[in-house]
Amino acid sequence: MACQSVAAVMDEQALLGLNPNADARYRHRAMAYFEQLKESQDAWEVCAEALATGIYNDDHVKFFCFQVLEHQIKFRHAGLSAGQQQLIRETLMKWLQCQLMNAQPEKPFIRNKAAQVFALTFVMEYLTLWPKFFFDILSLVGLNPHGVDVYLRTLMAIDAEVVDRDILHSPEEMRRNSLIKDSMREQCIPHLVESWFQILQAYQRSHPELTCQCLEVVGLFVSWIDLNLIANDRFVNLLLSQMSVEELREEACDCLFEIVNKGMDPVDKTKLVESLCQVLQSAGFFNVEQEEDVDFLAKFSRLVNGMGQSLVLSWTKLAKTGNVKDTAETLQALESKVPLLLQLLVHEDDDISANIVGFCYEYLHVLKQLPQLTDQQKTNIEAIMLAVMKKLTYDDEYNFENEGEDEAMFVEYRKQLKMLLDRLAQVCPELLLEAVRRVFTNTMQNWQTAQFMEVEVAVRLLYMLGEALPASHGAHFSGDTAKTSALQDMMRTLVSCGVSSYQHSSVSLEFFETVVRYDKFFIVEPQHIPNVLMAFLDQRGLRHNSPKVRSRVAYLFSRFIKTLHKHMNAFIEDILSRIQDLLELAPPDNGFLALLTSDDQLFMFETAGVLIVNGESPVERKQALMRSLLLPLMDAFRLLLAKLLQETEDERQAALADCLSHAVGFASRTSKAFSNKQTVKQCGCTEVYRDCLQTFLPALSCPVQRGPLRSSVRSFLHRMIICMEEEVLPFVPAASEHMLKDCEAKDLQEFIPLISQITAKFKRQVSPFLQQVFMPLVLAIFEALARPAEDNDQAAALEKQMLRRSYFTFIQTITGSGMNEVMANQGAENIERVVFTIIQGAVDFPDPIAQKTCFIILSKLVELWGGKDGMVGFPDFIYKHIVPACFLAPLKPTFDLSDAQTVLTLSECALTLKMIHLKRGPEFIQFLQQDYLPSLQVSPEISQELCQVLQQPDVKVLKNYIKAFFQRAKL
């Protein structure tokens, strides 16, 4: 095709749409043209011609042409004729030749796309049609900078296609990639390595960006080529020389890192690392403090980390082989890197420090495995401890009120340092304990004049000891005397030195976190409780000027009180009066900013409940205190509910409903204080919670904001069923009636667990109520499930699936609770209707969780009604419907026997068959052999085999047989 004809053949109008600023009409036309060129047998050839001749100057058109070519190579290569495949090769080489002659290189995005197309062609053709791919490219580009750039980008693209482990490949592609690498190793890798050497040497001064690209390529390829080609004096000396060139040294560092990381024999690896270190040290790279370029130091730290970890790996391998001499030499090599490790670990730049943590951690792991530590190793451990303690410290720029990305990175870095501290504790616990004690004691002596970060880190270290030196169930103050007395001394100092008054939120938080971590200290020394209580209750804690501190302290206070409630008797009423204003329900309309959020208040109400319930006051006093705690909530609730019923504005309605929900939630939370030892009844609190129920239940009939109100009252009912025993029962029928009115699928789904909870707890006591509520609830569920929904409405479909599961669980609870009469008294028509839904659930819905429940129900119904004195007509139902369900469900295509949940369903199906045999005996066997199995075309031999297994006592044999039976049936 002649060059002149290209313009005529390309759709110029469509090409206008490639410009990002083109209007939508042109863009649509460009997309349509792209699809047309992709799918056509030969129309794409115009793009090849356009690239080869360089007829277009528009970058978007060039990119478009490469995209069309890319599609042909990636998806249609095998269908192209030999001439078309040749056309692609020629196009690429002609385009590359043009690059050599152009004064200016193409834009990077075009060079990258071209490299991708080169790489795809290489992958498709290197093993068959184009074995001289690299020779052709290298002989064409020589040392032309524009050509070298495309060559290096192509190598990177080849790495992405063939080597990169982060990219998922099919088994077929993995086999192909292995063949490509094997072939490259045999045919061209030495030549490629030589080309890299020439590029690095030629361009290190004139084109540093090309040199960096080449170093990146070496780093990528070194993992799978012969290391001797790179790890030799000639190449390594060149790399080391580039470590001294400012523009190149970061990439040179990365390249050396990849070389060091290459898997190899442990002795050889040690030699390689040592020779590199010697050269780096003599070149002055180990003088970290003299280096000002932190970006380079971060790369250098990563390199040292790689070298250190390589030495650890070599030591581990050699130690396992029992090679004493080489193991000792590798350990010595390791130890000699510790001074450098420490310089990098303690560096003020956290990125530099973070990059060396891995080596430090693994070095400590090596020390942990040694039978005895030398004095030098102990010195190293102490130095690492001091470095960690220093690096844990916040800097001046940390923004505590508005934590952003930098702050998040420091928090992550602190977690790494904590790992080091934990490892230090494993290696040498007594050294760590002593070091922390020293730092803590010195800082606490001068906390008034010390900077906040020094005080915070001192308290933080004490806190961290709790995990670094673990104790079962937080028993830090019994057992090992040295540890116990050291921790006790530090805790005594912490709570008595006045540091809780330090005016910085980080210190305040750390103080309370530490007090609660070591709350068992106050059991040993209860005399400190009053001081700490005051710290919790005043401006140091719950009334601190930072909302973040107040919020966290509310939670920590509840934990503190729960642990030490036995020691609180003397302070109960004082605490309750001091926190009274924090227990007020924040009204939605006065714009007043409360000290605590409603979530924080939940902890406060729980704390108040714990204090009242666990106090040693007489029952009357507990009753009075609980009433004074709950009465304001009830009063506020009545007022707010009356307001809500009159409110017409949606936003105000939502705010009022929110406030009402909080009131119910707070009352509910107080009930968490009760236990088997301290019940509602024993504490004389039945009446006040009954009053709460009477106050809250009218909200169920509120016509607006039904969702949040019902949800909160339902949660309260759940709590009362647990706490109030049968006292709650009179409230259940009316509550149920309200909750079943105008309800959505989600309401029903959340109501069913309440009924199930009542059934499981009270059983026979609630039988009359259950008989009454059973059909209204079932009919409400049927109605919700029958409501039409859009075909593609996934949320509605999921809601229905969850409701269906809840319904089956409800029926399972009823049948399994021993209250046969609940279903039996619903009338024949209703029973039949319900049982048919169970059959349907077992067979028709591909939901193994629901199907399993349905088979459990069917098995139970057979047990209840399938015997001689069972329900009239039920044996007939068994043969007509339950037996077929046991065979039809597993035969469904959606019944996946490789799925674990489905196999559990099949087990229940087998148990149902077993139960039928147990209840109907030989009659069932006869039915299977003579009627049912022949109707499924099951051979007499298999039929007899199944019936024999059914009659055996071992259920496990039956389950295994049934699985094999259906696996065969599905073949």
Side-chain angles (χ1 to χ4, degrees), residues 537 542 547 550-559 561-562 565 572 575-590 592-614 622-644 654-674 680 683 685-700 702 705 707-724 728 731:
L537 294 166
L542 288 165
R550 293 197 299 268
S551 176
R552 185 67 183 160
V553 169
Y555 162 72
L556 292 170
F557 186 48
S558 80
R559 275 186 52 189
I561 296 293
K562 274 185 199 170
H565 62 78
I572 292 172
I575 294 171
L576 289 173
S577 73
R578 285 174 188 273
I579 63 172
Q580 194 170 353
D581 62 318
L582 301 175
L583 297 167
E584 286 172 11
L585 189 67
D589 47 7
N590 67 355
F592 167 70
L593 275 176
L595 279 173
L596 297 177
T597 68
S598 53
D599 284 347
D600 302 333
Q601 282 183 289
L602 285 169
F603 291 114
M604 298 309 295
F605 274 95
E606 188 175 348
T607 304
V610 169
L611 286 166
I612 294 167
V613 169
N614 292 289
K622 287 186 181 183
Q623 190 180 15
L625 288 171
M626 193 59 88
R627 184 165 287 283
S628 68
L629 179 64
L630 293 173
L631 196 59
L633 291 176
M634 290 189 260
D635 291 341
F637 189 91
R638 287 189 197 95
L639 281 170
L640 291 166
L641 186 59
K643 271 189 186 177
L644 176 60
L656 285 162
D658 205 30
C659 204
L660 285 161
S661 298
H662 291 325
V664 180
F666 296 158
S668 191
R669 196 61 170 258
T670 59
S671 72
K672 283 205 161 192
F674 297 104
V680 172
C683 295
C685 295
T686 304
E687 195 184 329
V688 70
Y689 281 105
R690 204 188 291 130
D691 291 349
C692 283
L693 274 167
Q694 276 171 335
T695 306
F696 299 154
L697 287 181
L700 291 173
C702 180
Q705 295 292 320
L709 291 177
R710 281 184 177 182
S711 179
S712 58
V713 175
R714 195 169 42 239
S715 297
F716 186 70
L717 270 167
H718 276 296
R719 286 293 315 151
M720 292 305 102
I721 290 164
I722 294 166
C723 299
M724 280 180 68
V728 79
F731 298 95

Give the table of side-chain donor-acceptor pairs shorter than 3.5 Å for residues 595-604, with sequence neighbours excluded, one pair per line with atom names and distance.
{"from": "T597", "atom 1": "OG1", "to": "D599", "atom 2": "N", "distance (Å)": "3.4"}
{"from": "T597", "atom 1": "OG1", "to": "D600", "atom 2": "N", "distance (Å)": "3.2"}
{"from": "T597", "atom 1": "OG1", "to": "D600", "atom 2": "OD1", "distance (Å)": "3.4"}
{"from": "T597", "atom 1": "OG1", "to": "D600", "atom 2": "OD2", "distance (Å)": "3.0"}
{"from": "S598", "atom 1": "OG", "to": "H662", "atom 2": "NE2", "distance (Å)": "3.4"}
{"from": "D600", "atom 1": "OD1", "to": "S551", "atom 2": "OG", "distance (Å)": "2.8"}
{"from": "D600", "atom 1": "OD2", "to": "S551", "atom 2": "OG", "distance (Å)": "3.4"}
{"from": "D600", "atom 1": "OD2", "to": "T597", "atom 2": "N", "distance (Å)": "3.2"}
{"from": "Q601", "atom 1": "NE2", "to": "L582", "atom 2": "O", "distance (Å)": "3.0"}
{"from": "Q601", "atom 1": "NE2", "to": "E584", "atom 2": "O", "distance (Å)": "2.7"}

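Between L640 and C659 the shortest heavy-atom distance is CD1-SG, 3.8 Å. Smallest separation of non-hydrogen atoms from I575 and I561: CD1-CD1, 4.4 Å. Among all heavy-atom pairs drawn from M724 and L693, the shortest one is SD-CD1, 4.0 Å. Of all heavy-atom pairs spanning A699 and V713, the tightest one is CB-CG2, 4.3 Å. Residues V664 and S712 come closest through the heavy atom pair CG1-O, 3.4 Å. Closest non-hydrogen pair, A636 versus L585, comes out as CB-CD2, 3.8 Å.
Aromatic ring orientation, F666 versus F605: parallel (interplanar angle below 30°, classes split at 30° and 60°).
Looking at Q623 and E687, their side chains come closer than 4.5 Å, going by heavy atoms from C-beta outward. Using a 4.5 Å cut-off on side-chain heavy atoms (C-beta onward), K562 and N614 make no contact.
The NZ atom of K672 sits 10.5 Å away from atom SG of C723, with the distance rounded to the nearest 0.5 Å. The CD1 atom of I722 lies 12.5 Å from the CZ atom of F674; values are rounded to the nearest 0.5 Å. Rounding to the nearest 0.5 Å gives a distance of 10.0 Å between SG of C683 and CD1 of I612. Atom CG of residue D691 and atom SG of residue C685 lie 11.5 Å apart, to the nearest 0.5 angstrom. Atom CG in L583 sits 4.5 Å away from atom CD1 in I579 (nearest 0.5 Å). One distance of note links CG of L629 with OG1 of T670; it measures 6.0 Å at 0.5 Å rounding.
Taking a 6.0 Å sphere around CD of Q580, one finds it holds 12 or fewer heavy atoms contributed by other residues, nucleotides or ligands.
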Derivation of the side chain to side chain contact (heavy atoms under 4.5 Å, CB included) call for V613 and H565
CA-CA 10 Å; V613 169; H565 62 78; over 6 Å; no

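Remark: the backbone N or O of S671 is paired with a side-chain donor or acceptor of R719 at under 3.5 angstrom.
You'll find the ring centres of F716 and F731 outside the 6.0 Å limit.
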